[in-house]
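Data first, discussion second: the structure below is written as structure tokens.
In what follows, chains carry the letters A, B, and so on, assigned in the order in which the sequence lines appear, proteins first and then strands, with residues in each chain numbered from 1.
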Amino acid sequence: MTTIAEQLPTRFEFGPIQQRLYQMWQDQGLFHSEPDSNRKPYTIVIPPPNVTGALHLGHALNTTLQDVLIRWRRMQGYNAMWLPGTDHAGIATQAVVEKRIRDEEKKTRHDLGREQLVRRIWEWKDQYEARILSQLKQLGCSCDWDRTRFTLDETCAKAVRHTFFDLFNKQLIYRGKRLVNWDTFLQTAVSDDEVINEKVAGLFWHLKYPVIDPLPDEPTHVVVATTRPETMLGDTAVAVHPDPAGALDKVEAELRERLAYAASSERVALETALQELLERRAAMLPQLLKLAQMATEGRTLCLPILDRVIPLIVDQWPKPELGSGCVKITPAHDPNDYEVGLRHGLPQINVMNPDGTLNAVAGPFTGLTLKKARQQIVDRLESEGLIDRIDEREIELPISDRSKTPIEPYLADQWFVRMDSLAQSAMDAVGNGDVQIVPQRYAYGYMDWLAEKRDWPVSRQLWWGHQIPVWSKKCAAELELQEANQQAWSIIESAADSAAIQIESKCGQEGTVHVCLRDETDTLSASLEKLGFVRDPDVLDTWFSSALWTHSTLGWPEKTADLAYYYPTSTLVTSRDIITLWVARMVLMGLNNLGQVPFRQVFVHPKILDGYGETMSKSKGNGVDPLDVIEKFGADALRFGMVHLTTETQDVRMPVQFECPHCQISIEQTHKNRVLPRVDCPTCKKTFGTQWAREEEDLALPRGLCLSERFEVARNFVNKLWNASRFSLMNLEGYKFASIDGSELCLEDRWILSRLNTVTQQVTSELEQFRFSEAARAMYDFAWDEFCSFYLEILKSRMNDQQRQTAQTMLAFTLDRLLRLLHPVLPFITEEIWQYLNIAAPQRGLFEADGPEPFLIRAAWPKSDSRLFAPQIESQFAHFQQVLAALREIRARQNIATKTPMSFAIRCSQEIATYLAPLSPYFKKMANAEATQIGPQAPIPRINSTMAVSQLEVFVDLDGLLDVAVEDARLQKEKANIETQIKLKQQKLSNASFVDRAPPDVVQREREALQQLTDQLVSVTKALTNLSP
RNA sequence: GGGCGGUUAGCUCAGUUGGUUAGAGCAUCUCGUUUACACCGAGAGGGUCGGGGGUUCGAGUCCCUCACCGCCCACCA
């Protein structure tokens, strides 16, 4: 009769199983959670992936960890709820869609218009959101899909409007002119965080500005240096340090101090720097002093080309030790100059149009792009002899992370969130432990960033996002302003709770009335518009809506049952690069809106790097595709791999390989081949396409999977588990549950139960501390080395009539508990086996039967049971393991074929013999070696190979089998080894200070170890003498 | 420039409060198709724990210092 188990394949065929089980879980509603006051909630909100693209390996890591936590807590009895969703990712998404439309239809967003573009992006979003959600499902994520949210959906939009209104009302939102990072391509301001600095080779121009009416002893020109000469059109001053001598003294003093403590390697550089400084001082100080003098006298310069008169001013900003010691001040186009300008009340002259061309201020250069203007301005200055010199140097060019075009600092009107009180609240939350960041070191970055309390620019000149709910009217005069204010008041009077007014005015001359509306009310907005109020076209920074994610998704601002039950959420799992951008802002918004932190714990997981230690990114083309891993190794293997990699040291290196679809050979991904759309296989010489294929002919090629061999371990583990389960199922035939009273349990049963108990405790504790890697390791080692390699092997000998029932009960019970432990990490294979186990052994347990549980996903997480914990049994079993290892080693050394039976004797105490004797059948089974005698008087075979292990000695009878030379060599080596160790121990123990100062138990341990070694030496020496004829 | 991390076997990584002879997986070598599994089993080789100093009876582990790698944050007109 063939059982079901015997028909199972020898490999875990995950593909169809994954689909079937996921469907089953969903159909049974096992992911869904409802508030239930009888149970504690455990809540995670997903960091919403951008709808821009597909999930990458970082997402796979992030979501796997969340699913592990959710499944584990669900099994623990918590009402676990994992809320899924996606992020509209304003700039990123709009940029991608705009680019696509431009490439494919040669149209700009202005050709399409706002409504049309937004419609197109929604279409895009629907498509990509579906793809992302399906990828999460393939990973096995047990999200509550009924609660799926999108940061731009109506529920979230409402939360955004309420929050914005609230902050506006509290005067925490204000309108301001600020120097922003302007992306001329996307024509929007981007935040500092979306700017990356790139080092490029550039030029450093030294320009000469003529002094107006110089006295005879005064310089005729002032030299200023710049990497962006075109900004000179916006210069409104040149600054020098007020006390160049003092400033230089200070720098000199600092250098000398550093030199005094410098290491030799630094000395040369410091000495050179000091030398240069002194030379410079000698050469330039008189001139700088002169200029500072002139500046205090209110002297002026002539700005070349435009012939504008600009003042020479003194300010702390210019550093006399750098460049010419003078700085041109362009308040509208440089962050530092902006600050200088504010201090001195300088005009802010904006020379640029939003599209990056020069505006009317630029005179002859109006309409040119910055790049063209630069060349022409330089030429013009050159021809006028106003270029002192041009240096080559490496400059840092700010680049927009979204459009990859250079950023221009640009003065623009923006909405800001005032951060001081909000930031402070978020700092307090971490400071007082309401929010715990794990690993703790990431709290430093969080604190430092918040401590700056820099106001948050929240408006973006985009169309894709939450449009700012503010209607404004610009007024040219005081009277008009007052009138507009009154009109607005009369309109919003009826809605005083949900509308607010701010007046922004300059010196009572001109100004703007802003009306913020909390709700989508057509009547109010229509009335406002009738009066000439215009809705702000800008949208909010994506992070504004993301910051509300923990509560907007639960229905806030409504007082929903969900909100009351699930908020604050339990754990946030995220990557370190958004701790400030996202985590900090969620904390302060949660506190502002609900007065409670959004989550209790933040777990920051590692980053995945490629084999060269570089971050994986689309543009580098060095990523592993999680779907490829799932296809090749299975979702469980991907998940186990991820969990196994999540160590506390952070950052995981993952060498990447292509798999040739023709010959299945792995090809290492290198800097050269990783962005190629097609690769030639060096083995079979055929060509395949990669995940970066875009052209039709490349896409038509068979695609090479993008993998990492680091998942093979996990795949092998899954397969091992599959086969162990198959074996178990085969041996459960005729199983009937019978409770165990304990007396019938053998040593090996007590051993595996104790180990199971220990590992259960360990895994639980590791997960509590987010030590994922440790949890995975504990499960792996237990399942493979103890359950499979020892316990199952032993049970093979016990499936006889007398022992069968206990053995089966034990087998079903152990496998049951193992599956539970592994389920959070390996949901598919464990659930699959569970289903079979429910057929083969529906009732399982040890002292009493467990309640039936049709689905492993909601089975109870094992609790450790102190009755099962038996350390002495574990050490007794260790003797068995050591003897077995000795037998195998002797066999291997002596090169005796496995099928040749051996016999052996063990010399040991009576006590050891008592518990070792019943295990002797297993020596036969597992090492093909028969124990002839065990005990203190065991006769030693005449010709033997021996091995001393802790507290006992194994003698294998090798009559007719012994290779004397091999044995001699082995014993010599062993002897030498023991002698070295004895020497070390003796040294240690004869060291008076060790014996006196080390703790007694350590000394005692050393003494015992020495005794054992001495015993071993005796037996090895004896064996050696016996060996020689 | 400031901060944080890393440097342990050929490769990828563990190593908890300092305490026997520093571990695992992969790779390598030897042997093996014993009815769960060759995505397997048995065994072996392989490390002066980045360098240098210090504290200690004792340091991969703590302190100092140097070197290299990575990330984050500020920035040079």
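When the options A:Arg374, A:Glu408, A:His333, A:Lys328 are evaluated for a side chain to side chain donor-acceptor pair (under 3.5 Å) with A:Thr231, the one that passes is A:Lys328. The only option from A:Glu1006, A:Glu979, A:Glu1008 that meets the salt bridge (charged side-chain N to carboxylate O under 4.0 Å, His left out) definition with A:Lys985 turns out to be A:Glu1006.
Ranking B:G15, B:C4, B:G43 by closeness to the A:Glu889 side chain, first place goes to B:G43. Checking B:G43, B:A36, B:C13 against the side-chain heavy atoms of A:Arg888 singles out B:G43 as nearest. Relative to the side chain of A:Lys796, the nucleotides B:G43, B:A36, B:A77 differ in distance, and B:A36 lies closest. Of the candidates B:C71, B:G45, B:C73, B:G45 carries the atom nearest the A:Lys973 side chain, counting heavy atoms from C-beta on. Checking B:G43, B:U12, B:A36 against the side-chain heavy atoms of A:Arg653 singles out B:U12 as nearest. The side chain of A:Thr898 lies closest to B:U34, out of B:C39, B:A77, B:U34. When each of B:A77, B:G41, B:C13 is scored by its nearest atom to the side-chain atoms of A:Thr647, the top-ranked nucleotide is B:C13. Between B:C40, B:G43, B:A77, one nucleotide has an atom nearer to the side chain of A:Lys720 than all others, and that is B:C40. Distances from the side chain of A:Arg441 to the nucleotides B:A36, B:G5, B:A77 place B:G5 closest.
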Quiz item: Using a cut-off of 4.0 Å between protein heavy atoms and nucleotide atoms, how would you tag nucleotides 18-25 of chain B 5' to 3' with B, S and -?
Solution: -BBB---S
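Across B:U7 and B:U61, the matching C1' atoms stand 15 Å from one another, rounded to whole Å. Distance noted for atom P between B:C75 and B:C68: 26 Å (whole Å). Straight-line distance between the C1' atoms of B:C39 and B:G46: roughly 25 Å, to the nearest whole Å. B:C57 and B:G18 have their C1' atoms separated by 12 Å, given to the nearest Å. B:G58 and B:G23 are spaced 23 Å apart, taking the P atom of each and rounding to whole Å. Taking the C1' atoms as reference points, B:A77 lies 42 Å from B:C63, given to the whole Å. Separation of the P atoms belonging to B:G70 and B:U12 is 14 Å when rounded to the nearest angstrom. For the P atoms, the distance from B:G6 to B:G50 is 12 Å, rounded to whole Å.
Whole-Å rounding puts the A:Phe12 CZ to B:C39 C1' distance at 13 Å. Rounded to an integer number of Å, the gap from A:Arg710 CZ to B:A27 C1' is 14 Å. Computed from coordinates, the A:Arg891 CZ to B:G43 P distance equals 12 Å when rounded to whole Å. Regarding A:Glu339, its CD atom lies at a distance of 14 Å from the P atom of B:A74, rounded to whole Å. Across the protein-nucleic acid pair, A:Trp449 atom CH2 and B:G3 atom P stand 21 Å apart, rounded to whole Å.
Using a 4.0 Å heavy-atom cutoff across all strands shown, A:Trp784 reaches sugar-phosphate atoms only and no base atom. Residue-level contact check: A:Arg726 touches the backbone only, with heavy atoms under 4.0 Å from sugar-phosphate atoms and none from bases.
Side-chain atoms of A:Asp235 and A:Tyr209 include a donor-acceptor pair closer than 3.5 Å.
Aromatic ring pairs are classed by plane angle as parallel below 30°, tilted from 30° to 60° and perpendicular above 60°; the pair A:Trp784 and A:Phe717 is parallel.
The heavy-atom pair separating A:Ile630 from A:Phe14 by the smallest distance is O-CE1, 3.3 Å.
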